[in-house]
Amino acid sequence: PAVDEPAAGDAAQLVRDVVIDYIEGQVDPASSDQSARRTAAGFSPDAPIVRENRGMFVWVALGDKGLYTHDPEALVPMEQRISSEPSRCDVCGQKHAAERSFRVRCYARRKPEDPSER
């Protein structure tokens with residue numbers, strides 16, 4: 001599968017190329033939504049980040065090796081922005097300290113009817 005919604009100017013990327021611990025054919029990790037119970041304004045209702053849609057995707061965050069990972073122990077917080085003020089979270093719209101902010105991407109969960117990756 002492809003990683004959802006690449007940043008402007010980025011070409012679509014295969015999950016195996018950007019998620020260090022992704023193994024083709026392996027079952028998707030269990031869904032465990034521990035994210036904010038709200039969604040920031042400005043997203044279309046079908047966007048993956050909308051609370052009701054999050055469980056349909058596997059979420060990964062930028063890790064210490066420069067690739068995305070499922071491993072919460074390997075996550076790298078985003079650097080503080082230019083200002084010393086906390087930045088606004090793209091998920092919930094609230095202010096968070098840099099050490100609690102992460103760059104995340106997602107890819108669609110596989111369905112039983114999806115073709116094998118191998």
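No hydrogens, no waters, no symmetry mates; every other heavy atom, side chains included, goes into these values. Note that the structure is a prediction, hence the values are computed from the model and not measured.
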### W59 side chain vs R54 backbone, donor-acceptor pair below 3.5 Å
yes
### Heavy-atom closest contact (Y68 atom, R103 atom, distance)
OH-NE, 2.9 Å
### Message
Is there a side-chain contact (heavy atoms from CB on, under 4.5 Å) between Y107 and L14? Walk through the geometry before answering.
### Response
CA-CA 9 Å; Y107 58 93; L14 295 177; over 6 Å; no
### Task
State the CG-CG distance between L62 and L67, to the nearest 0.5 angstrom.
8.0 Å
### Query
Between atom OH of Y22 and atom NE2 of H70, what is the distance when rounded to the nearest 0.5 Å?
8.0 Å
### Query
Under 4.5 Å between side-chain heavy atoms, hopping through other hydrophobics if needed: is there a path connecting V76 to V18?
no
### Summary
CG of D28 to CZ of R110, rounded to nearest 0.5 Å, is 4.0 Å
### Task
Go through the steps for V15 and D17 under the test side-chain contact (heavy atoms from CB on, under 4.5 Å), then give the verdict.
CA-CA 5 Å; V15 175; D17 296 336; over 6 Å; no
#### Entry: Passing candidate, side-chain contact (heavy atoms from CB on, under 4.5 Å) with R105, options V19, V58, V60
V60
### Message
For a quick test of reading the model, state the closest non-hydrogen atom pair linking N53 to P45 and the distance between them.
### Response
ND2-O, 2.8 Å
### Summary
So CD of E73 and CG of D64: to nearest 0.5 Å the spacing works out to 10.5 Å
## Note on the structure
Between the OG1 atom in T69 and the CD1 atom in I20, the distance rounded to the nearest 0.5 Å is 7.0 Å
